[in-house]
There are 2 protein chains.
Amino acid sequence: MQNLEKILEHNHIKPTAMRLLVLQFLLNKKVAISLTDVENHFDQSDRTTLYRTLNTFVEKGISHKIDDGTGITKYALCEENCHCEIDTDLHLHFHCTKCNETVCITEYKIPPIHLPKDYIAENVNLVVKGICEKCNNK
Amino acid sequence: MQNLEKILEHNHIKPTAMRLLVLQFLLNKKVAISLTDVENHFDQSDRTTLYRTLNTFVEKGISHKIDDGTGITKYALCEENCHCEIDTDLHLHFHCTKCNETVCITEYKIPPIHLPKDYIAENVNLVVKGICEKCNNK
DNA sequence: CAAATAATGCACTTCCGTTGCATAGGGTTT
DNA sequence: AAACCCTATGCAACGGAAGTGCATTATTTG
């Protein structure tokens with residue numbers, strides 16, 4: 001998968017071994033993952049490195065941070081056309097209370113939010129909790 | 001303010017001195033407050049007691065928990081007609097990145113959220129970040 | 001090759017939420 | 001009033017997660 005290297009280089013991230021592994025992990029997982037998730041997957045690696053790797057990904061714009069209300073920061077790769085820094089493009093996140101997984105729902109956009117006068121919105125975070133499609137069909 | 005006692009008793013909470021003070025603090029503050037906020041306000045009081053007091057208020061339904069994405073749990077008194085346990089009634093929260101305050105925007109309800117097939121929504125959390133009316137007019 | 005720059009690993013800190021347990025207070029029963 | 005019970009309170013400590021400082025290793029560049 002030299003593809004991975006291209007992704008990193010394209011976003012001005014030096015493709016180190018660790019970063020490639022983390023990127024692959026993120027690609028395989030379709031759900032948002034936490035630092036601890038990554039840590040558990042790469043047994044002999046250091047948490048700080050993973051922490052900084054994930055942060056680098058966010059800074060460079062290939063993934064975004066998710067606050068799903070569990071108190072644990074999650075990360076997910078951005079889609080091709082993701083402009084997660086721009087508020088109009090923000091998608092919603094769904095947190096399943098059964099399997100405890102958080103997924104990005106990109107098909108449906110956040111409807112326009114009305115705010116009282118003089119409030120300026122810079123950013124919208126919408127998390128829906130409930131039962132996900134997988135758990136519902138079990 | 002024997003009013004305060006009535007509020008507590010009406011919600012089956014024994015009106016202790018501490019609880020009355022915390023309730024009054026919540027009433028005065030129009031913004032959502034954190035445990036640390038309360039702790040700082042009541043200098044000589046114990047963190048655990050305040051923690052449990054706030055939780056009691058939430059359990060008994062006179063206030064609700066807010067996750068505003070800062071990673072710090074906030075609390076705010078429910079409005080008269082607040083049914084915060086029912087998802088259709090959820091209001092949105094606004095977090096000002098300048099003054100760092102979080103307020104409940106009760107005038108505007110969360111628009112209906114569309115979800116993919118087989119997803120069941122139980123709960124919606126919507127936090128808008130930006131500049132609040134106060135900071136905008138400064 | 002040497003120097004500079006960046007990434008990594010280790011240790012440690014801080015902050016917040018939470019729990020266990022012992023004590024104190026208020027109300028009730030004898 | 002004394003004994004009792006239940007609840008609230010206060011203290012101590014734990015645990016998880018985010019974050020930082022610094023030394024070390026790797027990687028690029030002159």
Side-chain angles (χ1 to χ4, degrees), chain A residues 4-5 7-9 11-26 32-60 62-76 95 100 102 125 127, chain B residues 4-5 7-9 11-26 32-60 62-76 95 100 102 125 127:
Chain A
L4 295 172
E5 288 195 36
I7 297 177
L8 290 183
E9 276 164 4
N11 288 277
H12 314 99
I13 305 172
K14 208 184 287 179
T16 66
M18 201 67 250
R19 286 171 177 172
L20 289 168
L21 286 170
V22 174
L23 178 58
Q24 186 157 49
F25 182 61
L26 277 167
I33 55 153
S34 69
L35 173 57
T36 308
D37 290 336
V38 191
E39 202 187 348
N40 292 337
H41 189 254
F42 300 106
D43 238 20
Q44 72 271 34
S45 184
D46 180 64
R47 204 174 63 251
T48 312
T49 304
L50 298 173
Y51 170 72
R52 286 196 255 242
T53 299
L54 290 172
N55 272 350
T56 303
F57 285 3
V58 172
E59 276 167 29
K60 301 295 185 177
I62 68 172
S63 74
H64 58 266
K65 261 188 190 170
I66 302 166
D67 168 29
D68 64 3
T70 58
I72 295 157
T73 307
K74 304 278 172 68
Y75 303 84
H95 177 76
N100 220 30
T102 301
N125 185 31
V127 179
Chain B
L4 295 171
E5 289 195 36
I7 298 178
L8 291 183
E9 275 164 5
N11 288 277
H12 314 101
I13 305 172
K14 206 186 287 179
T16 66
M18 201 68 249
R19 288 171 175 172
L20 289 167
L21 286 169
V22 174
L23 178 58
Q24 185 157 49
F25 182 61
L26 278 167
I33 55 152
S34 68
L35 172 57
T36 308
D37 290 335
V38 191
E39 203 186 349
N40 291 338
H41 188 254
F42 299 106
D43 237 20
Q44 72 272 32
S45 183
D46 180 65
R47 187 180 168 72
T48 313
T49 305
L50 298 172
Y51 169 74
R52 288 198 253 243
T53 300
L54 290 172
N55 272 350
T56 303
F57 285 3
V58 172
E59 276 167 28
K60 301 294 185 177
I62 68 172
S63 74
H64 59 265
K65 263 188 188 169
I66 301 165
D67 167 28
D68 63 3
T70 58
I72 295 156
T73 308
K74 303 279 172 68
Y75 303 84
H95 177 75
N100 221 31
T102 301
N125 185 31
V127 180

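First the proteins, then the strands, lettered A, B, ... as listed; each starts at 1.
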_Between T16(A) and dA7(C), is there a contact of a side-chain N or O with OP1 or OP2 at under 4.0 Å?_
no
*In whole Å, what is the span from the CE atom of M18(B) to the C1' atom of dG25(C)?*
15 Å
*Side-chain touch T73(B)/L54(B), heavy atoms, less than 4.5 angstrom*: no
*Within-4.5 Å side-chain heavy-atom neighbours: Y75(B) and K65(B)*: yes
*Rounded distance (Å) that lies between atom P of dT18(C) and atom CG of L35(B)*: 10 Å
*Taking the side chain of T49(B) as heavy atoms from C-beta outward, which of dG10(D), dG19(D), dC16(C) is closest to it?*
dG10(D)
*asked:* Can you measure K14(A) atom NZ to dA4(C) atom P for me and round it to whole angstrom units?
replied: 16 Å
*Report the distance from atom CG of D46(B) to atom P of dT19(C), rounded to the nearest whole Å.*
15 Å
*Please report, rounded to the nearest Å, how far the P atom of dA8(D) is from the CG atom of L50(B).*
15 Å
*Can you measure from CG (L35(A)) to NZ (K74(A)) and round to the nearest 0.5 angstrom?*
12.0 Å
*Is there a side-chain polar atom (N or O) of S34(A) under 4.0 Å from OP1 or OP2 of dA17(D)?*
no
_Could you tell me how far apart L20(A) (CG) and dT27(D) (P) are, to the nearest whole angstrom?_
12 Å
*Can you name the one residue among L26(B), V22(B), T49(B), T53(B) that meets side chain to side chain contact (heavy atoms under 4.5 Å, CB included) with V38(B)?*
V22(B)
*So does R52(B) reach the base of dG10(D) with its side chain, donor to acceptor, closer than 3.5 Å?*
yes
*Could you state the CG-P distance from L21(A) to dG9(C), rounded to the nearest angstrom?*
11 Å
*Classify the angle between the aromatic ring planes of F42(B) and F25(B) as parallel (below 30°), tilted (30 to 60°) or perpendicular (above 60°).*
perpendicular
_Both T48(B) and R19(B) contact DNA chain D. Which one's nearest nucleotide lies toward the 5' end?_
R19(B)
*Closest to side chain of Y51(A), choosing from dA17(D), dT20(D), dT19(C)*: dT20(D)
*Which whole-number value in Å describes the distance from N55(B) CG to dT19(C) C1'?*
12 Å
